[in-house]
Amino acid sequence: MARKSDFSESFQSIKSRKSKNRQVFSAEDHARFEEMRTEFDETPQDDGPPAGDRWSIWWDSEPLQRGPEPRPDWVITDHGAVDYELGVLKTGKEADVFLIERVVPGTDRAVILASKRYRSAEHTQFNRAGDYMAGRGAKRSRDARAMAKRTTFGLEQAAGRWAAAEFDALKTMYNAGVPVPYPVQILGREVVMEFIGEGRTAAPRLAETRPDEVELENLWEQAAEALRRMTELGFAHGDLSSYNTVVQDGRLVVLDLPQVVDLYANPLGFDFLTRDVENLGSWFTGRGIARDEVDDLQAELKALAAMP
């Protein structure tokens with residue numbers, strides 16, 4: 001076995017030889033390495049996609065941050081998929097909705113999606129968060145205090161919670177049969193969901209439609225059933241109206257759920273439910289639905305909500 005002094009002498013001799021010949025690789029070695037160089041080695045390595053504006057963010061989300069199974073056939077989960085930005089679809093108080101196209105390059109597989117991106121704390125215009133968030137407990141007391149004091153950190157936490165609240169509500173409601181877009185995934189403050197529309201054209205809002213008598217009655221029944229199902233889940237939409245419901249091929253779809261309210265944990269839960277029915281119902285009564293039908297739905301939902 002070599003002694004410590006032996007290792008030391010060996011190290012010194014190697015060091016000495018290297019200092020006399022500073023060229024580690026010979027000219028022949030360099031030539032051989034150049035022959036081994038591939039086309040990949042010569043291209044810039046910026047991790048950018050070969051097409052599109054970004055790689056699909058599907059695999060950046062954790063399993064619980066993806067939509068419920070079984071997933072619709074149109075959901076693209078390929079590793080090589082890319083996202084194209086098609087423009088702004090809608091702007092709001094707390095978020096902007098973008099139109100994106102998720103594509104598998106080299107194939108005919110593509111889908112149009114809605115990407116809702118919540119603004120950072122310094123850009124949000126939503127000032128009545130407290131009423132909606134009552135009853136939503138923060139896991140960490142530090143976060144709860146920061147949100148209550150509306151510090152910059154607290155506002156950033158709240159922005160993420162708006163996105164998470166909408167995604168969770170979409171998953172729960174979709175599974176329960178409430179007519180909402182399929183929630184594809186969430187990543188940070190971005191919620192990607194099913195685009196309700198034809199091609200790249202969004203479905204018209206209920207307020208923009210001109211249904212005949214039969215269509216009106218059918219839409220009212222759909223609206224009433226959506227409200228029943230949400231109430232059975234213990235939710236009030238919180239801001240339901242003819243402006244955040246759309247109609248696609250005769251089907252009513254409910255949008256915009258970040259402010260979803262827990263009927264029992266929020267002290268104003270029943271007030272929000274009453275307002276939802278009144279706001280949506282007033283659009284229908286203005287077009288021919290009897291006021292008694294709206295009043296009957298109010299009574300039915302209050303009785304339903306009071307059930308254990």
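Everything numeric here is computed off the predicted structure, so don't read it as measured data.
By the rule that hydrophobic residues join a cluster once side-chain heavy atoms approach within less than 4.5 Å of another member, Leu89 and Val254 end up as members of separate clusters. Hydrophobic clustering places Val75 together with Phe167 (ILVMFWY residues linked when any side-chain heavy atoms are closer than 4.5 Å, directly or through intermediates). Under a hydrophobic clustering in which Ile, Leu, Val, Met, Phe, Trp and Tyr are joined whenever their side-chain heavy atoms come within less than 4.5 Å, directly or via other members, Val253 and Val260 fall into different clusters. When the side chains of ILVMFWY residues are joined at heavy-atom separations under 4.5 Å, either directly or via intervening members, Val180 and Trp162 end up in a single hydrophobic cluster. Under the 4.5 Å side-chain heavy-atom criterion for Ile, Leu, Val, Met, Phe, Trp and Tyr, Met193 and Val88 are members of distinct hydrophobic clusters.
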Val246 vs Leu206, test: side-chain contact (heavy atoms from CB on, under 4.5 Å). Steps then yes/no. CA-CA 5 Å; Val246 298; Leu206 179 63; over 6 Å; no

Might you work through the salt bridge (charged side-chain N to carboxylate O under 4.0 Å, His left out) test for Lys90 and Asp256, ending with a clear yes or no? CA-CA 11 Å; Lys90 176 187 173 184; Asp256 296 336; 2.7 Å; yes

Check step by step if salt bridge (charged side-chain N to carboxylate O under 4.0 Å, His left out) holds for Glu190 and Lys116. CA-CA 6 Å; Glu190 180 177 3; Lys116 190 169 186 178; over 6 Å; no

Before you tell me yes or no, could you show the steps for Asp295 and Arg291 under salt bridge (charged side-chain N to carboxylate O under 4.0 Å, His left out), namely the whole-Å CA-CA distance, both residues' side-chain angles and the distance that decides it to 0.1 Å? CA-CA 6 Å; Asp295 293 339; Arg291 177 68 214 186; 3.0 Å; yes

Where do Thr245 and Leu255 land on the side-chain contact (heavy atoms from CB on, under 4.5 Å) test, with the steps shown first? CA-CA 6 Å; Thr245 49; Leu255 306 178; over 6 Å; no

Can you list the steps and then say if Asn279 with Leu240 is a side-chain contact (heavy atoms from CB on, under 4.5 Å)? CA-CA 7 Å; Asn279 285 349; Leu240 193 60; 6.0 Å; no

Which is it for Arg161 and Glu94 under the salt bridge (charged side-chain N to carboxylate O under 4.0 Å, His left out) test, yes or no, and what are the steps along the way? CA-CA 12 Å; Arg161 286 167 65 82; Glu94 74 282 352; over 6 Å; no

Report the C-alpha separation of Asp83 and Glu101 in whole Å, then their side-chain angles, then the decisive distance to 0.1 Å, and conclude whether the side-chain contact (heavy atoms from CB on, under 4.5 Å) test is met. CA-CA 6 Å; Asp83 290 343; Glu101 185 175 24; over 6 Å; no

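The closest donor-acceptor contact from the side chain of Glu300 to the backbone of Leu297 lies at 3.5 Å or more, if one exists at all. Under the 3.5 Å distance criterion, the side-chain polar atoms of Arg119 are matched with a main-chain donor or acceptor of Gly92. Side chain of Ser241 to main chain of Tyr243: a donor-acceptor pair is present (N/O by atom type, distance under 3.5 Å, no hydrogens or angles). Looking only at distances, no side-chain donor or acceptor of Asp78 sits under 3.5 Å from a matching main-chain atom of Gly80. For the pair Glu194 (side chain) and Tyr182 (backbone), a donor-acceptor distance under 3.5 Å is present. With hydrogens and angles disregarded, no donor-acceptor distance shorter than 3.5 Å links the side chain of Asn175 to the backbone of Thr172. Panel note: side chain Arg287, backbone Trp283; a donor-acceptor pair is recorded below 3.5 Å. Between the Ser61 side chain and the Ile186 main chain, a donor and an acceptor come within less than 3.5 Å of each other. Using modelled atom types, no side-chain atom of Asp96 and backbone atom of Thr91 make a donor-acceptor pair closer than 3.5 Å. Checking side-chain atoms of Asp276 against main-chain N and O of Gly238 turns up a donor-acceptor pair under 3.5 Å.
The minimum heavy-atom distance linking Gln298 with Glu278 is given by the pair NE2-N, 3.7 Å. Listed here is the closest heavy atom pair of Lys171 and Leu64: NZ-O, 3.0 Å. Gln222 approaches Leu252 most closely through the heavy-atom pair OE1-N, 2.8 Å. Nearest heavy atom pair, residue Leu86 against residue Ile100, reads CD1-C, 4.1 Å. Taking each heavy atom of Ala305 and Phe270 in turn, the nearest pair found is CB-CE2, 3.4 Å. Across every non-hydrogen atom of Ala203 and Gln248, the tightest pair is CB-OE1, 3.3 Å.
Within the cation-pi definition used here (under 6.0 Å to the ring centroid, within 45° of the axis), Arg66 qualifies as a partner of Trp58. Under a cutoff of 6.0 Å and an axis angle of 45°, Arg109 and Trp74 do not form a cation-pi pair.
The OG atom of Ser242 sits 9.5 Å away from the CD atom of Glu208 when rounded to the nearest 0.5 Å. In this structure, OG1 in Thr209 is found 8.5 Å from CG in Leu216, a value given to the nearest 0.5 Å. Between the CG atom in Leu301 and the OG1 atom in Thr274 there is a gap of 9.0 Å [rounded to 0.5 Å]. Rounded to the nearest 0.5 Å, atoms CG (Leu263) and CE (Met230) are 10.0 Å apart. The structure places CZ of Phe195 at 14.5 Å from CZ of Phe98, a figure rounded to the nearest 0.5 Å. In this structure, Ile57 CD1 and Gln185 CD are separated by 4.0 Å, a value rounded to the nearest 0.5 Å.
The closest side-chain heavy-atom distance from Pro179 to Tyr174 is not below 4.5 Å. Residues Val247 and Glu215 form no side-chain contact, since every pair of their non-hydrogen atoms from C-beta on lies 4.5 Å or further apart. Between Val82 and Pro105 there is a side-chain heavy-atom pair separated by less than 4.5 Å. Counting heavy atoms from C-beta outward, Leu170 and Pro181 have side chains that approach closer than 4.5 Å.
Inspection of the Tyr118 and Glu166 side chains reveals an N or O donor paired with an N or O acceptor under 3.5 Å. Side-chain N/O atoms of Arg229 and Thr231 include no donor and acceptor closer than 3.5 Å.
Counting heavy-atom neighbours within 6.0 Å of Asp73 CG, excluding the residue itself, gives a total of 12 or less. Within 6.0 Å of CD in Glu198 there are 12 or fewer heavy atoms belonging to other residues, nucleotides or ligands.
In this structure, the ring of Phe284 has its center less than 6.0 angstrom from the ring center of Trp220.
If you run side-chain contact (heavy atoms from CB on, under 4.5 Å) between Val111 and each of Val184, Ile76, Val104, only Ile76 comes through.
Classified by interplanar angle (parallel below 30°, tilted 30° to 60°, perpendicular above 60°), the ring pair Trp59/His79 is parallel.
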